[in-house]
Amino acid sequence: MIQQLSLLFPMLPMWLVQAIWCGVVAVLLLTFFSLFAGPVSWLERRIAGRIMSRIGPNRVGPQGIIQWLADGVKNFLKEDLIPRDADKILFRFAPYPVFLGVTLTLVTLPFSSLLIGADLNVGLLYIVGAWGLVVIGLIAAGWSSNNKWTLLGGMRSAAQMISYEIPLVLSLLVVVLMSGSLSLQTIISSQGASPVEWFIFSNPFAFIAFVIFMISAVAEGNRTPFDLPEAESELVAGYNTEYSGMRFLFFFFAEWGNLYVIGALAASLFLGGWQIPAGWRNFASAQGPILPHVFEVLMFQLKTWIWVLLIIQLRWTLPRLRVDQLMKVSWKYLTPFAFVSIVGTGLWMVVFPEGWLFMKYLLLFSMLAVIGYFVWRAIWQLRFTKSKADFKLIV
Amino acid sequence: MIRTEEMTISMGPQHPATHGVLRFIVKTDGEVLHEVKPDVGYLHRSMEKIAEKVGYISFQPYTDRIDYVCAMTCNHAYAMAVEKAAGISAPERAEYLRVIASELNRISSHLIMAGVMAMDIGAFTPFIHAIRERETVNDLFEMLCGARLTYNYVRIGGVSFDAPANFKEKCVEFLNHFEPIIDEFNRLISFNKIYVERLANVGVVSREDAIAYNLVGPNLRGSGVRFDVRKDIPYSIYPKIDFNVPVGIGEAGKVGDCYDRYMIRIREMKESCKIVRQALEQMPEGEIMAKVPRKIKPPVTEVYSRCESARGDMGFYLVSDGTDKPYRLKIRTGSFSAMSIVEKIAPGLMIADLVAFISSLDVVAPEVDR
Amino acid sequence: MLTLYKQLPNFILTTKLDELLNWCRKSSVWYMLFATACCGIELMQTGGPRCDWDRFGAVPRSTPRQSDLMIIAGTISYKMAVCTRRLYDQMPDPKYVIAMGSCANCGGLFKHSYSVLKGIDKVMPVDIYVPGCPPRPEALTDGLLKLQEKMQKEKFLRS
Amino acid sequence: MIKEKFTFAEEVKPQAGGGWYLVPADKIVEVCKTLRDDYKFDCLSCLTGIDLVDYFEVVYHLFSYSEKKPLVLKVKLEKQSSTMPSVSAIWPSANWMEREVFDLLGIKFENHPDLRRIMLPEDWAGHPLQKSYKEPEEYCGMSTKR
């Protein structure tokens with residue numbers, strides 16, 4: 001791409017073209033990021049409203065859809081408050097690593113076979129490393145505010161994110177083992193469009209790895225069963241207690257941005273990413289060069305959004321764990337099981353070099369059964385609530 | 001060499017988990033509490049002095065504000081104390097209406113407790129669901145007396161309004177609707193694995209401690225003491241009604257842990273539904289107000305009347321000197337003693353447990369401070 | 001074009017921008033999760049399914065740093081008044097106060113009390129008074145809407 | 001029963017309401033200990049004081065959960081000294097109740113582990129439940145009038 005660009009502008013030096021290109025991509029990614037984080041916060045509030053038999057924001061714009069814009073502008077207008085006793089430099093610095101940690105991961109997320117910021121050959125390693133930046137910001141925020149609640153929040157986030165990074169990385173290793181590459185595009189290309197060709201169903205150990213990945217990713221994103229760093233009822237607002245206005249908005253953004261990263265990683269590593277069936281591809285290619293990519297992007301978004309919505313629903317359903325339970329889950333269950341799944345996958349690949357189709361279908365159908373039960377249960381609950389909870393007293 | 005240092009944190013008066021304006025001065029080592037000193041009095045409204053100033057009848061509205069979450073039983077307890085002192089007895093229909101109102105209010109109070117408990121554990125949805133159900137109870141109270149929170153319904157010598165014509169049907173309709181809702185609530189949160197793990201074996205109050213620290217009501221029963229003022233020192237029409245007293249049995253952990261105290265409230269809601277059903281069935285027609293003089297002047301005497309509020313045994317100690325104003329009125333409430341046990345139980349818990357422990361005690365700030 | 005711009009009254013631009021900014025501010029009133037007494041229960045009910053302040057973009061925040069609106073829900077004793085003022089000072093500008101219920105307005109029922117502050121306006125400026133003991137959720141919602149009207153009329157940029 | 005055991009306790013039976021035992025202030029700890037250990041009054045459900053202008057009265061409402069039976073003790077206290085022994089070693093629940101009585105009435109309890117004001121701020125002047133209490137004009141710069 002860069003070569004083509006430098007051909008377009010022959011008078012410019014190569015480094016300048018590269019810099020401009022980087023800038024354009026960065027702006028695009030950031031725009032996408034904020035355009036995701038804003039509306040998803042509105043969506044989350046609407047979904048939360050539905051779950052709680054409320055309505056949720058519906059006054060600002062049609063159905064409240066620009067609520068996030070009002071929130072953003074308002075926070076921008078608020079007084080920028082730095083506590084007197086805070087460590088001022090660190091306090092100002094803290095939101096940026098958090099924001100950066102999440103946005104940097106977007107660079108290697110493959111939206112389609114072409115649309116990717118940079119297909120690094122160490123992509124997965126890069127994502128894990130960039131994600132690790134978040135914890136620096138959280139600790140810095142917790143420490144610099146000079147408030148005991150934020151300190152506790154920061155310490156909690158450090159403990160939580162570092163311990164959950166281990167099962168997270170271990171579960172990613174399973175994928176690396178199966179695809180033989182760290183590059184996300186290669187990982188996706190070694191999967192197929194049909195569910196049985198996805199890594200998640202390739203063997204039972206990969207399935208375990210997927211579950212471990214989801215749990216530890218939710219923990220990395222500080223979402224509800226694991227939202228201890230900002231536990232509202234315990235630590236007031238955790239690490240961001242002292243933050244107001246724009247600086248708070250950075251944390252806010254990062255939280256919802258994380259959501260997308262989790263969903264996108266799950267989709268690309270385990271669920272075949274942007275892979276579309278050959279029939280679609282043939283049909284789309286016949287229409288022109290753009291359409292296959294549109295299909296791919298849509299497929300990727302679909303898979304991502306399923307997990308985003310699931311995580312949102314989890315947040316409004318589950319209570320929060322305690323610190324020691326959180327550690328127990330990570331060290332006693334997730335980490336050993338992650339090791340088991342690595343070894344298991346390795347053995348599986350030796351025993352069944354071509355894969356075992358029966359097991360793939362078995363896993364697929366058991367997953368479908370779980371989803372089916374979930375849907376049935378949700379519908380049942382909705383019916384129940386409709387018949388019983390819509391109780392009106394006419395006084 | 002790693003050195004740890006105690007950290008003193010002031011939790012409250014404005015803190016999401018302190019249910020109003022309680023304050024705890026907490027000494028922690030990291031997450032583990034070493035010492036918790038409750039600091040109350042942020043809502044001390046001097047009810048007892050006001051009672052000495054305003055007189056018997058005018059004090060009735062203030063009793064709503066002692067325990068606003070369960071105001072009917074406070075009304076009832078105060079009315080009982082004055083009636084006992086002045087020798088007034090309420091008509092039977094009034095007694096039935098009082099019990100119906102008290103039990104409905106017990107339901108709404110326990111709903112708040114269960115919801116707030118879930119919120120403190122981190123689940124926000126059950127709280128809103130509880131609020132939703134509470135609204136319907138409030139609708140019933142609006143039918144009964146026109147108020148949603150501070151009812152002033154139970155008066156000295158009876159109740160202020162008779163039940164409207166369709167009250168019984170509406171009430172039964174509500175109960176039919178509400179009983180399955182309790183099951184739904186249980187499905188949503190009570191038997192959730194994380195929830196049970198968070199509450200079981202946390203903040204265990206032994207039977208001896210519970211009695212020595214004078215815990216009352218559901219907190220006492222949570223520790224396995226089968227004592228309910230409604231059963232053991234019967235008042236009003238409770239002897240005529242058949243109901244059970246749930247007692248903590250340690251179903252998830254030890255007897256007297258937070259989960260026991262929580263489940264007792266859930267079960268009590270079901271028992272309250274039973275009581276309301278029976279009371280509605282048995283309720284006779286007739287007067288709702290006894291003949292009460294405009295100025296109540298009890299003889300020189302003192303009474304101590306006890307009533308089972310949602311937060312337990314509520315006592316009014318009334319000293320009268322023969323005038324129309326009480327000489328001394330002492331309000332003994334469940335939350336006050338429940339707060340004093342925090343100091344004993346909390347060391348060794350974690351911060352998250354302290355939050356769970358406080359909400360399992362169902363402390364309401366104005367009941368502590370009065 | 002420039003002459004046309006110069007002919008315009010010079011406040012038009014700021015007025016329009018003001019309106020937009022005020023609209024943003026009023027659409028996102030985050031209130032502090034702070035309740036002292038009886039009115040606190042009605043405040044909870046207001047956030048509940050029937051009134052649902054979330055519709056107007058008002059969500060509770062537990063820390064004063066991130067909240068725009070402080071609802072004094074309930075009786076304020078002298079002991080608490082000191083803390084309440086401190087909470088108010090911790091909120092970043094622009095900030096608003098709704099005094100909910102008679103106790104916060106003027107002491108209400110507790111005017112005979114020796115330990116109750118007779119009206120929160122003795123320690124901090126109040127924007128909206130909502131009468132009632134306690135006010136119904138509808139009344140409080142009306143208070144919020146009145147506050148939004150007030151915010152819309154403010155001259156934010158030119159102040 | 002208490003009559004036989006403690007000859008110094010005076011039984012008072014008014015015309016209306018329940019009766020009580022009047023116990024001298026210096027004997028109260030001994031009486032309470034015996035009542036708890038031998039008569040199973042395991043709970044102190046209410047402890048309060050009354051300002052009777054000439055003297056204070058401290059009232060103990062005991063309750064026995066095993067026999068479901070209440071008992072009322074009273075102690076007369078001269079206003080000059082207004083000091084009496086604490087029973088918080090016998091029933092822990094007395095700890096806070098005595099603090100409240102101290103705060104609002106000004107009765108001091110000896111051997112109390114932590115006798116501080118509980119309801120009112122530390123710098124509050126006077127004990128408001130005393131009949132002679134006058135409300136101050138202002139507290140910490142806040143006027144108390146409306």
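First the proteins, then the strands, lettered A, B, ... as listed; each starts at 1.
- If you measure heavy-atom distances from D:L47 to chain B, the contacts under 4.5 Å come from the backbone alone.
- Within the 4.5 angstrom heavy-atom criterion, only side-chain atoms of B:I233, from C-beta onward, approach chain D.
- Between D:R99 and B:E343, no side-chain nitrogen of the basic residue sits less than 4.0 Å from a carboxylate oxygen of the acidic one, so the salt-bridge criterion is not met.
- Taking a cutoff of 4.0 Å between a charged side-chain nitrogen and a carboxylate oxygen, D:D42 and D:K40 do not qualify as a salt bridge.
- With a 6.0 Å radius and a threshold of 12 heavy atoms from other residues, nucleotides or ligands, B:K231 has its NZ atom above the threshold.
- Contact check on B:E302 versus B:K330 returns no salt bridge, with no Lys/Arg side-chain nitrogen under 4.0 Å from an Asp/Glu carboxylate oxygen.
- Under the 6.0 Å distance and 45° angle rule, B:K297 does not count as a cation-pi partner of B:Y56.
- Put simply, of B:K344, B:E208, B:M339, the one with the most heavy-atom pairs under 4.5 Å next to chain D is B:M339.
- Heavy atoms closer than 4.5 Å to chain D are found in both the backbone and the side chain of B:S340.
- Along residues 41-52 of chain B, the residues that come nearer than 4.5 angstrom to chain D, judged on non-hydrogen atoms, are B:G41, B:H44, B:E48, B:K49, B:E52 in order of number.
- For D:K79 and D:D51, the salt-bridge test passes: some basic side-chain N is under 4.0 Å from an acidic carboxylate O.
- Salt-bridge formation is not detected for the pair D:R117/D:E122: no Lys NZ or Arg NE/NH1/NH2 atom is positioned less than 4.0 Å from an Asp or Glu carboxylate oxygen.
- Taking the charged nitrogens against the carboxylate oxygens, B:R306 and B:D313 do have a contact shorter than 4.0 Å, which makes a salt bridge.
- When only modelled atom types and interatomic distance are considered, D:T48 and B:R328 share a side-chain donor-acceptor pair under 3.5 Å.
- Dense packing is recorded around NZ of D:K68, with more than 12 heavy atoms of other residues, nucleotides or ligands lying under 6.0 Å away.
- Contact of D:R116 with chain B is made through the side chain alone, with heavy-atom distances under 4.5 Å.
- Stacking of B:R370 on the aromatic ring of B:F336 is recorded, both the 6.0 Å distance cut-off and the 45° axial limit being met.
- Listed options D:I118, D:D103, D:D114 were ranked by heavy-atom pairs under 4.5 angstrom with chain B; first place goes to D:I118.
- For chain B, the nearby parts of D:V53 are the backbone and the side chain; heavy atoms of each come within less than 4.5 Å.
- Ranking D:G49, D:P121, D:A94 against chain B, the residue ahead of the rest is D:G49, based on heavy-atom pairs under 4.5 Å.
- If you measure heavy-atom distances from D:P128 to chain B, the contacts under 4.5 Å come from the backbone alone.
- For chain D, the nearby parts of B:V40 are the backbone and the side chain; heavy atoms of each come within less than 4.5 Å.
- Interface remark: D:L120 contributes side-chain atoms only to the contact with chain B (heavy atom separation under 4.5 Å).
- Residue B:F227 touches chain D through its side chain alone, counting heavy-atom pairs closer than 4.5 Å.
- Here B:R65 does not pair with B:E367 in a salt bridge; the nearest charged N to carboxylate O distance is not below 4.0 Å.
- For B:R226, the part lying near chain D is the backbone, with the side chain staying farther off; criterion is any non-hydrogen pair under 4.5 Å.
- B:D67 is linked by a salt bridge (charged side-chain N to carboxylate O under 4.0 Å, His left out) to B:R311, counting only residues two or more places apart in sequence or in another chain.
- Using a 4.5 Å cut-off between heavy atoms, B:P38 contacts chain D through both its backbone and its side chain.
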